[in-house]
Amino acid sequence: MIRLLDNDKILCEIFVYVKYFSSPEIIDWGIPLKEGSPGYPGITIKATDLRIPLEIEKELREESEPFIGATYTFNQDTRKLTIKTSSEVSYEGSYEWNLTSLTLMYDGKKEKYGFKFATGMSHGYIIEADKTEKYQRRYPDAGITEVKVNHVWKNNGIIPPGGIIFD
């Protein structure tokens, strides 16, 4: 709780609630993209070569497609990560977590996400991947200054008593 006081008189009280990334299983709902709209909030692409954002958007959508509906399982004790896609393809790896980011390491990949937003009762998360450097290397003459992708993740409803806190 935060109180705003004026000469010991309470002018305002603000209650702050902390929501931890706290589910052992998360479902990937995908990138909130609208086809043909590179400026939509699910993806941000800034480049001087205006042909490049559409190519990047298409590639990001294709990369994400097999993971829509995938279940990500996190083991707090071992830091083991298991990903099971809706087509029954599985990956195993590990993860690192802190208050601002989540890093997934599996199948020779290392993916880092920042937490953007967590909803209250629906236990949802928007995580953001910054892919700027990757695309700047791929298209060095395109004037790329930003490529960010948002993913929507939601708890699958399995929350043990007391919850799980990744620390």
Side-chain angles (χ1 to χ4, degrees), residues 19-76 78-119 122-159 164 166:
K19 173 81 175 116
Y20 289 97
F21 179 70
S22 61
S23 177
E25 289 190 3
I26 298 288
I27 306 294
D28 187 337
W29 284 35
I31 301 171
L33 289 176
K34 290 183 179 177
E35 191 164 335
S37 300
Y40 190 70
I43 187 167
T44 303
I45 303 169
K46 295 180 182 174
T48 54
D49 183 338
L50 300 179
R51 297 169 298 168
I52 298 302
L54 292 174
E55 288 180 39
I56 293 172
E57 178 186 2
K58 182 178 183 234
E59 180 179 325
L60 292 171
R61 234 184 2 259
E62 288 171 358
E63 275 179 11
S64 149
E65 195 170 310
F67 293 94
I68 296 172
T71 302
Y72 292 70
T73 305
F74 301 91
N75 183 309
Q76 178 183 3
T78 63
R79 300 285 189 214
K80 182 179 174 184
L81 162 72
T82 304
I83 303 170
K84 188 172 189 176
T85 69
S86 55
S87 61
E88 302 299 318
V89 176
S90 292
Y91 302 94
E92 290 190 357
S94 60
Y95 70 93
E96 295 173 357
W97 179 89
N98 64 39
L99 290 176
T100 60
S101 67
L102 173 68
T103 303
L104 307 179
M105 295 154 288
Y106 67 95
D107 200 32
K109 298 177 186 176
K110 185 174 184 176
E111 299 175 347
K112 185 171 182 173
Y113 299 94
F115 294 105
K116 274 190 84 174
F117 183 77
T119 60
S122 66
H123 306 291
Y125 308 94
I126 296 178
I127 59 172
E128 181 177 76
D130 187 340
K131 302 202 178 244
T132 305
E133 288 182 30
K134 172 184 174 180
Y135 288 101
Q136 284 174 332
R137 285 190 304 272
R138 184 175 297 168
Y139 302 104
D141 299 326
I144 294 172
T145 57
E146 185 176 29
V147 177
K148 292 186 178 177
V149 182
N150 294 322
H151 294 261
V152 177
W153 281 9
K154 290 208 174 187
N155 288 356
N156 76 349
I158 299 174
I159 301 175
I164 275 187
F166 297 156

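These figures come from a predicted structure and were not determined experimentally. Note that these values count all heavy atoms, side chains included, but never hydrogens, waters or copies made by symmetry.
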Legend entry - Pair Glu96-Lys112, side-chain contact (heavy atoms from CB on, under 4.5 Å): steps then yes or no: CA-CA 9 Å; Glu96 295 173 357; Lys112 185 171 182 173; over 6 Å; no

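- By the side-chain hydrogen bond (donor to acceptor under 3.5 Å, both in side chains) test, Lys80 pairs with no residue at all, sequence neighbours left out.
- A salt bridge does not link Glu25 to Lys84: none of the charged nitrogens lies less than 4.0 Å from a carboxylate oxygen.
- Between Tyr113 and Trp153, the two ring planes are tilted [angle within 30° to 60°].
- Residue pairs meeting the salt bridge (charged side-chain N to carboxylate O under 4.0 Å, His left out) criterion with at least one partner in residues 102-111, sequence neighbours excluded, are absent.
- Here the straight-line distance linking atom CD1 of Ile68 with atom CD1 of Ile31 works out to 7.5 Å at 0.5 Å rounding.
- Of the possible donor and acceptor atoms, none in the side chain of Glu128 sits under 3.5 Å from a partner among the backbone N and O of Asn150.
- In this structure, Trp29 CH2 and Ser64 OG are separated by 14.5 Å, a value rounded to the nearest 0.5 Å.
- Ile127 CD1 to Asp28 CG: the interatomic distance, rounded to the nearest 0.5 Å, is 7.0 Å.
- A salt bridge links Glu146 with Lys148: the distance from a Lys NZ or Arg NE/NH1/NH2 to an Asp or Glu carboxylate oxygen falls below 4.0 Å.
- Counting heavy atoms from C-beta on, the side chains of Thr85 and Tyr91 come closer than 4.5 Å.
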Inset, instruction - Go through the steps to decide whether Arg138 and Glu59 satisfy the test salt bridge (charged side-chain N to carboxylate O under 4.0 Å, His left out), and finish with yes or no. - result: CA-CA 13 Å; Arg138 184 175 297 168; Glu59 180 179 325; 2.4 Å; yes

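- Between Glu55 and Arg51 there is no salt bridge, since no side-chain nitrogen of the basic residue lies less than 4.0 Å from a carboxylate oxygen of the acidic one.
- With rounding to the nearest 0.5 angstrom, the OG1 atom of Thr71 is 10.5 Å from the CD1 atom of Ile83.
- When the shell of 6.0 Å around NZ of Lys134 is examined, it contains more than 12 heavy atoms from other residues, nucleotides or ligands.
- Summarising the geometry of Leu102 relative to Trp97, their closest heavy-atom pair is CD1-CD1, 4.0 Å, with the distance given to 0.1 Å.
- Between the side chain of Thr132 and the backbone N or O of Val147, at least one donor-acceptor pair lies under 3.5 Å.
- You'll find the side chain of Glu57 stays beyond 4.5 Å of the side chain of Glu62, heavy atoms only.
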Inset, instruction - Please report the C-alpha distance between Phe74 and Arg79 in whole Å, then the side-chain angles of each, then the deciding distance to 0.1 Å, and finally whether the side-chain contact (heavy atoms from CB on, under 4.5 Å) criterion is met. - result: CA-CA 7 Å; Phe74 301 91; Arg79 300 285 189 214; over 6 Å; no

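- A salt bridge is absent between Arg61 and Glu65: the closest approach of a Lys/Arg side-chain nitrogen to an acidic carboxylate oxygen does not fall below 4.0 angstrom.
- Taking OH from Tyr95 and OH from Tyr106, the interatomic distance works out to 16.0 Å, rounded to the nearest 0.5 Å.
- Put simply, CG on Leu50 and CD1 on Ile52 are 9.5 Å apart, with the number rounded to the nearest 0.5 Å.
- Not one N or O on the side chain of Tyr135 forms a donor-acceptor pair closer than 3.5 Å with the backbone of Ile45.
- The number of heavy atoms from other shown groups lying within 6.0 Å of CD (Glu63) is above 12.
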